[in-house]
Every structure is written in C-alpha cells, then in structure tokens.
*Asks:* 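Attaching a single structure in structure tokens format; questions to follow.
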Amino acid sequence: MRALILGAAAGGGFPQWNSNAPGCRRARRGDPLAPARTQASVAVSADGEHWFLLNASPDLRQQIEANASLHPRHGLRSSPIAGVVLNGGDVDAIAGLLNLRERTAFGLYATAKVHAVLAANPIFNVLAPDVVARCRLPLHEATELCLPDGRGSGLHAELFAVPGKVPLYLEGQDAPKQVTGEETVGIHIRDGRSELYFIPGCAAMTDALAQRLRGADLVLFDGTLYRDDEMIRAGTGSKTGLRMGHMSLSGEDGTLAAFSSLEVRRKVLVHINNSNPVLLADSPERAEVEAAGWEVGYDGMMLL
Ligand code: MLT
Ligand code: MN
C-alpha cells in the first residue's frame, strides 16, 4: 500500500484565515519551524495508480495540485482518484467533495448516517448520481473498495465507531452529547501487506478502541489540541477540546497516556489545530510528543 498525508491540520487549517495568534503569524511569514498545513486528509493506494482519499478536505483542490500522483494522466478528462471514504460529516471532512464535481466517476463511501447528512444538503447533488456511486459501509465490516469500473482496488476498508459528536452545524441549542455510533468513525485500511488507521476525531480512548489498536502497524490519530483548555487560555475560543469531540494530547486521559502501553509501531498526529504548540518545531510540547514516540504529521508526508 502507498499512503500520503495530503493535509495534517484540523478544521481551519494552519494558519487559519482569521487567526492572528503567534503560531499562525509564524506560519504566515514562512517560518520554517512553523510550516503551514492544509486540512486533514490522507490518500491511499494499493497499486500506486488508483487512489482513495480519506476525507475530502476543504483544501482538496490545492492538495491535488500539490501531489502529482493525483493529477489526471489519461485522455482529456480523468483522475487517479477512484473514491473517497468519510470519517464523519464535519465541514473539514466533506467540503472538498464540492471540488469533485465535473462528472468524473468515483465512489463515495461512508456510514448510512453520514450519507443521510449529505443527502439532506442538496448542494451535494453536484455529485451526479449517475457518475458518483454512494456506497454505505456498515460498521465493523471490512469491504473492498471498488474502482469506478467495478474492479476491486485491492484495498479493504473497515469503519468502526469512536466517541465523537454530531457536526457543529447540526448541533442544537444544548451542548451535544458524546455519541459512539455512525456519526464519527475511525477508518482501517489494509491491503495484503500493510495497514493503516485514520482516526482524525476521537473524544476518548475506550477499552474497545484500545483493544483494536493494540499492536497496530500505523495509526494516524486526532492531534487537535495539546491541552483541553488551550483555546480558552489563549483567548481564541470558548470551547474545550472535549466539548468539540476531541481528546487532547496531554493529561491523565490524554492521547499520550492512552497510547503509552498500546505498542503501536508507528504513531502519527493528524488533524492538528492551529492552537496546538506541537505545530511549532521549537516548542517543548513538540519535544515531549516526539519523546513519547509520536511523529507530527505534515502535508506531503509519505507514510508507506
Ligand atoms: C472538529 O473537528 O471539531 C470540527 O471540524 C470543527 C468544525 O466543524 O469547525
Ligand atoms: Mn475537524
């Protein structure tokens, strides 16, 4: 399998359009210790020719142009992008689908609940049903992803429930309850030789998730915040990480602690919020996550 990080930042990207915070200012002036990142997405391929996107980020057009593997190679209209697998209905997972209009066939894979969110938003009708096949994946069942001509891709995807919440734009008046179901899922991708987990949003490490990830070869995990209250402390927001459906890296219930005994061979942070100091290569927090065996994902990072 080949696997490439197209974008490693959380929703908003790094720098975020309306952020004048110190980290974003460093990214904006081209500081090599604070490189800009687009919103989270990964591309995977069994044969190096046909690619599946894990999430369609709002930055997808830029990500395609930045990665030659995703450029058209045949005829006047074509694309190596054979499909998209979604982990949820958040803006940063689905907005890039709008870039994939123009009538080139691909498969769109998600849970029934996430498909219902797309179906309820008529703007996604730009993905014409005679061209874009919408495939519902049941939870906890590995399914081979198909190429647009119906042949198998050699990649098998399994979606599994992780603690999360409904997308921000579907929240009601009250703070949403944490849910573990079809709203937020992790994605497991494997071919005959290698495997990868993509979990850009996860509100807590459950026993079931720990059991699943124990001993895995490669896990790309939610790196949204370093501290649960970092946006409040910085004065850039009023929400904690948990309120947004994300566990944080530090702390007793944090990601570093949760993974410390899981014996995952390679651990990479993705979906990193612009407030997270691990984005800054000279920060003590970066040194701490690296000492705990984590790599901080970046755009263009070739994983496999
Ligand atoms: C999240 O990851 O919490 C969401 O992407 C936030 C958002 O939709 O802005
Ligand atoms: Mn997000």
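In each ligand, atom 1 is the first atom listed, and ligand 1 is the first ligand listed. Side chains are part of it too, since the values below use all heavy atoms of this structure and drop only hydrogens, waters and symmetry mates.
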*Asks:* Please confirm whether the ring centroid of F259 lies under 6.0 Å from the ring centroid of F221.
*Replies:* yes
*Asks:* Partners of P148 by side chain to side chain contact (heavy atoms under 4.5 Å, CB included), sequence neighbours excluded?
*Replies:* A82, A105
*Asks:* With respect to E295, which candidate in R286, K267, R266 satisfies the salt bridge (Lys or Arg N to Asp or Glu O under 4.0 Å) definition?
*Replies:*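 Among R286, K267, R266, the one that satisfies the salt bridge (Lys or Arg N to Asp or Glu O under 4.0 Å) with E295 is R266.
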*Asks:* Could you please give the number of protein N/O/S atoms within less than 2.8 Å of the Mn ion (ligand 2)?
*Replies:*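 With waters ignored, the protein N/O/S count below 2.8 Å is 2.
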*Asks:* What residue and heavy atom of the protein are closest to atom 9 (O) of ligand 1, and at what distance?
*Replies:*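 Ranking protein heavy atoms by distance from atom 9 (O) of ligand 1, first comes L168 CD2, 4.0 Å.
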*Asks:* I need the L218 CG to S194 OG distance, nearest 0.5 Å.
*Replies:*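 Here the rounded value is 8.5 Å.
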*Asks:* Quick check against the 3.5 Å criterion: does D207 have a side-chain atom that pairs as donor or acceptor with the backbone of A210?
*Replies:* no
*Asks:* Let me have the donor-acceptor pairs involving side chains of residues 64-72, under 3.5 Å, with sequence neighbours excluded, atom names and distances please.
*Replies:*
| residue | atom | partner | partner atom | Å |
| --- | --- | --- | --- | --- |
| N67 | ND2 | Q63 | O | 2.8 |
| H71 | NE2 | I64 | O | 3.0 |
| H71 | NE2 | E65 | O | 3.1 |

*Asks:* Output a table of donor-acceptor pairs, distance under 3.5 Å, between side-chain atoms of residues 153-169 and any protein atom two or more places apart or on a different chain; print 'none' if there are none.
*Replies:*
| residue | atom | partner | partner atom | Å |
| --- | --- | --- | --- | --- |
| S153 | OG | L145 | O | 2.7 |
| S153 | OG | L155 | N | 3.0 |
| E158 | OE2 | R212 | NH1 | 3.4 |
| E158 | OE2 | R212 | NH2 | 3.3 |
| K165 | NZ | E171 | OE2 | 2.9 |
| Y169 | OH | G89 | O | 2.5 |

*Asks:* List every atom of ligand 1 that sits less than 4.0 Å from any heavy atom of D92, numbering the atoms from 1 in the order shown and giving each element.
*Replies:*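 Those of ligand 1 that fall under 4.0 Å from D92 are 5 (O).
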*Asks:* Using a strict cut-off of 4.0 Å, indicate which atoms of ligand 1 neighbour a heavy atom of M244.
*Replies:*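 Under 4.0 Å from M244, ligand 1 has these atoms: 3 (O).
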*Asks:* Less than 4.0 Å between atom 4 (C) of ligand 1 and some protein heavy atom, yes or no?
*Replies:*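 Looking at atom 4 (C) of ligand 1, one finds that a protein heavy atom does lie closer than 4.0 Å.
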